[in-house]
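Presented below is the structure to which this report refers.
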Amino acid sequence: MVGVIVHEWIERTGGAERVIDAFTRIIPGSDIVCLWNDAPGRYADSLVHESILARTILRKSKALALPAMPVSWRYRRGYDYEWALVSSHLFAHHVRFRGNDELEKFVYVHTPARYIWDPGLDSRGNSTLVRAVAPLFRSIDRKSAGRVENFAANSRFVADRISRFWNAEASVIYPPVAVESIQSVSDWSEKLGLEDCQIASSLPSEFILGASRLVAYKRLDAVIRAGELSGLPVVIAGSGPDIERIRSVAENAKVPVFLLGGVSDELLYFLYSVCVVYAFLGVEDFGIMPVEAMAAGARVVANRVGGVGESVVDGETGALCNPDDPESLRDAIHRAAKCNRSASRALALQFDESRFANHIKDWVGHDRIGRHADMISLGSGKG
């Protein structure tokens with residue numbers, strides 16, 4: 001029973017890619033089917049099959065490629081796969097292989113497509129093109145979801161959206177976080193290179209940390225507002241298309257704001273471990289970075305709406321708030337700063353990679369995964 005891993009597209013970084021990393025460890029040697037691969041060599045032990053979209057300019061714009069994606073997933077070349085482990089945040093769960101109508105799909109859902117189902121959470125869904133096709137695609141998406149019997153969601157928040165949008169039930173399996181790896185280092189300052197040491201020494205002794213990709217829905221502007229409300233400097237780590245807007249907000253802020261751009265993992269873990277609080281204020285489906293932060297000992301201030309409220313325990317490992325309410329945000333910073341860092345480290349262990357792997361194996365079936373491994377070792381079963 002040979003399985004295949006299916007993923008929307010492969011990027012160099014991202015929470016969804018960490019899930020695929022874990023999938024390849026759970027079912028090593030599996031083929032990976034995707035729309036396109038922007039990180040060649042990332043999965044050296046797997047054969048990555050791209051779609052026809054990979055050979056067009058559409059791969060450069062997800063919004064422009066959106067109308068072509070369902071068709072691309074529906075008519076993939078026929079391989080002798082018997083089951084698929086699917087990572088879906090757009091249309092990957094639509095996947096069908098020609099001549100293979102018996103394919104059993106286990107779909108791990110990061111979210112039903114925000115673009116078409118809930119554009120209020122992601123401004124990219126407000127483009128003219130996406131708005132025009134969204135009603136038709138919602139119908140197609142719901143119909144395709146109806147062909148899937150095995151859904152797992154990355155949070156209760158997402159499971160609820162699956163129920164509302166697709167009228168389907170999903171178990172909850174939280175994403176993998178490298179908690180034990182982060183906690184294997186007792187003092188991340190000792191792991192910093194010369195350049196990172198210089199950056200760290202240039203920062204104030206107390207600060208609020210914001211770290212994520214710089215896109216509007218991540219709400220880094222609210223992190224700067226949190227600094228103003230608390231009178232603390234703000235450190236922002238990350239890069240992305242929202243950088244100019246964030247830079248403008250930072251230049252006009254009432255407290256010092258340090259924009260670091262992209263940083264190494266070592267520096268990020270160090271920043272987690274020493275910040276007064278780590279503020280993560282967007283509405284997230286789950287939120288891997290807050291768990292990373294807790295693993296390093298950070299107290300987390302997070303939006304009470306979304307999946308982060310399932311990992312951050314209010315009053316114990318941080319505080320939840322409404323980031324648009326100044327009083328709520330100010331109070332959350334104050335309460336989170338009083339929390340014990342050891343509580344954060346202890347709670348984070350519930351989300352370690354090893355637990356994710358065990359849950360996926362239980363969900364897909366140990367026998368199915370075992371038979372897949374046997375066939376891969378024999379070099380058979382692939383088309």
Side-chain angles (χ1 to χ4, degrees), residues 1-11 16 19-20 23 27 30-38 43 46-119 124-125 127 129-153 158 161-162 165-168 170 364 381-383:
M1 296 185 69
V2 170
V4 60
I5 295 171
V6 179
H7 185 49
E8 304 285 357
W9 50 76
I10 299 172
E11 298 188 6
V19 168
I20 298 302
F23 283 176
I27 47 174
S30 300
D31 287 355
I32 299 175
V33 171
C34 62
L35 294 178
W36 57 77
N37 180 11
D38 286 337
Y43 303 112
S46 301
L47 183 61
V48 178
H49 300 277
E50 296 180 305
S51 74
I52 193 172
L53 291 181
R55 299 192 292 274
T56 74
I57 61 172
L58 293 178
R59 70 181 293 163
K60 301 297 183 181
S61 172
K62 299 178 182 70
L64 290 177
L66 185 73
M69 289 181 185
V71 175
S72 297
W73 281 122
R74 194 172 303 170
Y75 298 107
R76 300 307 298 257
R77 291 177 58 190
Y79 292 88
D80 295 330
Y81 306 125
E82 297 179 62
W83 56 278
L85 183 54
V86 182
S87 163
S88 180
H89 55 80
L90 198 53
F91 297 135
H93 58 285
H94 293 208
V95 67
R96 296 170 69 180
F97 295 97
R98 286 178 292 185
N100 188 0
D101 293 334
E102 302 302 317
L103 182 75
E104 188 173 13
K105 291 188 281 190
F106 295 84
V107 180
Y108 186 81
V109 184
H110 304 276
T111 179
R114 283 185 171 202
Y115 287 7
I116 64 171
W117 287 107
D118 206 346
R124 292 172 291 183
S127 73
L129 176 62
V130 174
R131 289 202 309 270
V133 301
L136 172 62
F137 279 26
R138 283 195 289 268
S139 176
I140 294 172
D141 196 46
R142 187 182 291 111
K143 185 175 180 180
S144 291
R147 300 191 185 98
V148 177
E149 295 183 357
N150 304 291
F151 284 115
V158 169
R161 299 175 79 212
I162 290 171
F165 298 151
W166 293 344
N167 193 31
V364 172
K382 291 188 179 184

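Throughout, residue positions are numbered sequentially from 1 according to the sequence presented.
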field: Check against side-chain contact (heavy atoms from CB on, under 4.5 Å), I10 and I20
entry: CA-CA 9 Å; I10 299 172; I20 298 302; 5.7 Å; no

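- For the atom pair W73 CH2 and L90 CG, the distance stands at 9.5 Å (nearest 0.5 Å).
- In this structure V148 satisfies the side chain to side chain contact (heavy atoms under 4.5 Å, CB included) test together with K105, V107, F151, sequence neighbours excluded.
- Ion pairing between E8 and K62 fails under the 4.0 Å rule for side-chain N and carboxylate O.
- The line from CG of D141 to OG of S88 is 7.5 Å long, rounded to the nearest 0.5 Å.
- Shortest non-hydrogen contact noted between A65 and L58 is CB-O, 3.5 Å.
- In terms of heavy-atom proximity, V158 sits nearest to V109 at CG1-O, 3.7 Å.
- One finds the CD1 atom of I5 at 9.5 Å from the OG atom of S87 (value rounded to the nearest 0.5 Å).
- Residues satisfying the side chain to side chain contact (heavy atoms under 4.5 Å, CB included) criterion with A16, sequence neighbours excluded, are H7, H89, H110.
- Rounded to the nearest 0.5 angstrom, D31 CG and L47 CG are separated by 5.0 Å.
- Closest approach of L66 and Y115 over heavy atoms only: CD1-CD2, 3.9 Å.
- Partners of H93 under the ring-ring contact (aromatic ring centres under 6.0 Å, His included) rule, at least two apart in sequence or in another chain, are W166.
- Note: F23 and Y108 have perpendicular aromatic rings, judged against thresholds of 30 and 60 degrees for the angle between ring planes.
- Remark: Y43 engages no residue in a ring-ring contact (aromatic ring centres under 6.0 Å, His included) (not counting sequence neighbours).
- Atom CG of residue L35 and atom CE of residue M69 lie 5.5 Å apart, to the nearest 0.5 angstrom.
- Interatomic distance, SG of C34 versus CD of E50, reported as 5.5 Å (0.5 Å rounding).
- For I52, the CD1 atom counts as loosely surrounded, since its 6.0 Å shell holds 12 or fewer non-hydrogen atoms of other residues, nucleotides or ligands.
- I140 and H94 get closest at one heavy-atom pair: CG2-CE1, 3.9 Å.
- Residues passing the salt bridge (Lys or Arg N to Asp or Glu O under 4.0 Å) test with R96, sequence neighbours excluded: none.
- Legend: residues meeting side-chain hydrogen bond (donor to acceptor under 3.5 Å, both in side chains) with N150, ordered by chain and number and at least two apart, are absent.
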- request: Evaluate the side-chain contact (heavy atoms from CB on, under 4.5 Å) criterion for residues W9 and D38: first the C-alpha distance (whole Å), next the side-chain angles of each, then the deciding distance (0.1 Å), finally the verdict.
  value: CA-CA 8 Å; W9 50 76; D38 286 337; 5.8 Å; no

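- For W117 and F165, the ring centers are positioned less than 6.0 Å apart.
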field: Stepwise side-chain contact (heavy atoms from CB on, under 4.5 Å) check, N37 with I32
entry: CA-CA 10 Å; N37 180 11; I32 299 175; over 6 Å; no

